[in-house]
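Note that ligands are numbered from 1 as they come in the structure, with each ligand's atoms numbered from 1 the same way.
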Amino acid sequence: MTAVAAFEEGLGNAAAQYSDAFDAARDEPALRAANARYTGPNGLVTKLMKLMPELPKEQRRELGQRANQLKEEIERAFAQRLDGLLQAARLAELSGPSLDISLPGYGARRGYLHPLTRLKHELLDLFGALGFDIAEGPEVDLHENNFDRLGFPADHPATDMQDTFFMQQPPGVNPRATLLRTHTSTVQIREMLRRKPPLAVVSAGAVFRRDDDATHSPMFMQIEGFMVDEGVSFSHLKGVLTHFLQRLFGANVPVRFRPSYFPFVEPGGEVDVGCTLCRGYEVIHIPGQQPAALPGGSAEVCRACKGTGFMEILGCGMIHPVVFEHVGYDPERYTGFAFGMGIDRIAMLRYGIPELGLLYGNDPRFLTQL
Ligand code: DAH
């Protein structure tokens with residue numbers, strides 16, 4: 001077969017086929033593949049064009065024109081079919097099932113105060129309502145304010161007993177000069193140095209000790225209160241604390257005062273409230289014998305009060321005359337009472353939390369329940 005005949009046959013085949021091939025394509029990729037069989041780099045028409053130099057000169061021009069015309073025809077048909085396919089696809093999408101884009105979003109979670117901070121505010125408010133002023137003290141304080149002026153003798157075992165975090169000092173400075181306060185009783189000294197009686201003050205905040213177990217954390221929170229005036233007596237202390245604890249734990253909860261020792265009070269005491277979990281104080285309990293039973297006849301011993309029916313909640317007492325001397329108050333003229341308690345402990349009792357660490361773990365799954 002001559003080159004011209006082969007060329008003409010190729011043109012004829014392409015012209016006869018492309019239209020059916022395009023019609024048979026059901027989507028865009030199939031159409032593009034069909035188109036490539038004619039006008040792509042290895043397509044039929046492209047190959048014919050490459051044969052042109054072999055055609056006799058006198059027919060080259062005419063055959064070339066026909067090939068070009070066919071190519072343009074195919075390109076037009078391709079564009080038309082593509083348009084048709086795209087429109088059909090769009091129509092099918094529009095008339096098909098609608099896409100629901102109304103899924104609710106994730107929303108932003110609002111922050112809120114930590115339960116211990118809320119409880120702290122609540123406790124301060126209770127004393128505020130009784131006429132106490134609210135004061136603040138620093139978490140790093142002098143050894144004097146934390147121990148000496150409160151009547152701890154130098155090298156009193158309490159300074160070790162409390163297992164204090166001391167701040168690092170430059171060489172030549174007493175290595176025990178400053179510390180992380182081990183209790184909020186420092187605020188008693190600071191406020192009394194600053195003010196003259198009569199005064200009634202509460203203060204709350206973080207305190208630090210080298211303790212770490214299920215019921216102790218190296219940092220915890222205390223609230224401290226004290227009152228100084230002429231004629232302040234132990235009955236004022238008892239009245240204020242009984243009122244406070246019954247506001248906090250319930251009007252009928254029993255409050256029990258026991259003697260105890262703290263260097264900065266005389267007499268000193270500890271206060272217990274009836275166990276809010278087992279209410280074991282309702283049954284007669286003889287110390288050292290049968291523990292108070294849990295309600296519902298359970299044989300288990302109550303974890304919160306260890307079966308005694310009472311929970312220790314705070315330390316208190318009448319401010320020691322030596323403290324007044326250290327702050328320049330006349331101990332012959334003034335008397336006063338003081339008390340201090342752990343806010344974490346109150347939270348544990350109030351919410352029935354067995355592990356102190358839960359309060360400091362910052363796990364919102366737990367904290368949002370309080
Ligand atoms: N500061 C004592 C402590 O941390 C608690 C305390 C006891 C505070 C007796 C007082 C008080 O004000 O009078 O263990």
Check your understanding: Cut-off 3.5 Å, side chains only: do Q369 and Y351 have a donor facing an acceptor?
Key -> no
Exercise for review: Would you tell me whether T182 and N146 have side-chain atoms, one donor and one acceptor, within less than 3.5 Å of each other?
Suggested key: yes
Review point. Counting only heavy atoms, which portion of F264 has something under 4.0 Å from ligand 1: side chain, backbone, both, or neither?
Key: side chain
Exercise for review: Look at ligand 1 and say whether E270 reaches it with a heavy atom at a distance under 4.0 Å.
Suggested key: no
Exercise for review: Could you see which bit of M341 sits under 4.0 Å from ligand 1, with heavy atoms only: side chain, backbone, both or neither?
Suggested key: neither
Check your understanding: Considering only heavy atoms of Q188, which atoms of ligand 1 have at least one such atom less than 4.0 Å away?
Key -> 12 (O)
Check your understanding: Distance-only, no hydrogens or angles: does the T46 side chain make a donor-acceptor pair with backbone N or O of G40 under 3.5 Å?
Key -> yes
Point to revise | Nearest option to atom 13 (O) of ligand 1, as decided by whichever heavy atom of A338, G340, S185 sits closest | key: A338
Check your understanding: When only distance counts, is F262 in polar contact with ligand 1, meaning an N/O pair under 3.5 Å?
Key -> no
Review point. How does R209 reach ligand 1, if at all, at less than 4.0 Å between non-hydrogen atoms: by side chain, backbone, both, or neither?
Key: side chain
Exercise for review: List, by chain and number, the other hydrophobic cluster members for L99, where Ile, Leu, Val, Met, Phe, Trp and Tyr join if side-chain heavy atoms come within less than 4.5 Å, directly or indirectly.
Suggested key: I101
Review point. If you measure only the distance, is there a donor-acceptor pair under 3.5 Å linking the side chains of S203 and E136?
Key: no
Review point. Run the ring pair (Phe, Tyr, Trp, His ring centres under 6.0 Å) check on F339 and F127 step by step: do they pass?
Key: CA-CA 12 Å; F339 56 88; F127 285 108; 5.0 Å; yes
Review point. With sequence neighbours excluded, what pairs up with R345 under the side-chain hydrogen bond (donor to acceptor under 3.5 Å, both in side chains) test?
Key: none
Check your understanding: Going by the order shown, which atoms of ligand 1 are within less than 4.0 Å of some heavy atom of V265?
Key -> 13 (O)
Study note, to complete from the structure: Counting from 1 in the order shown, the ligand 1 atoms closer than 4.0 Å to a non-hydrogen atom of G317 are 13 (O)
**Study point:** Atoms in ligand 1 with a heavy atom of E224 nearer than 4.0 Å
**Key:** 8 (C), 10 (C), 12 (O)
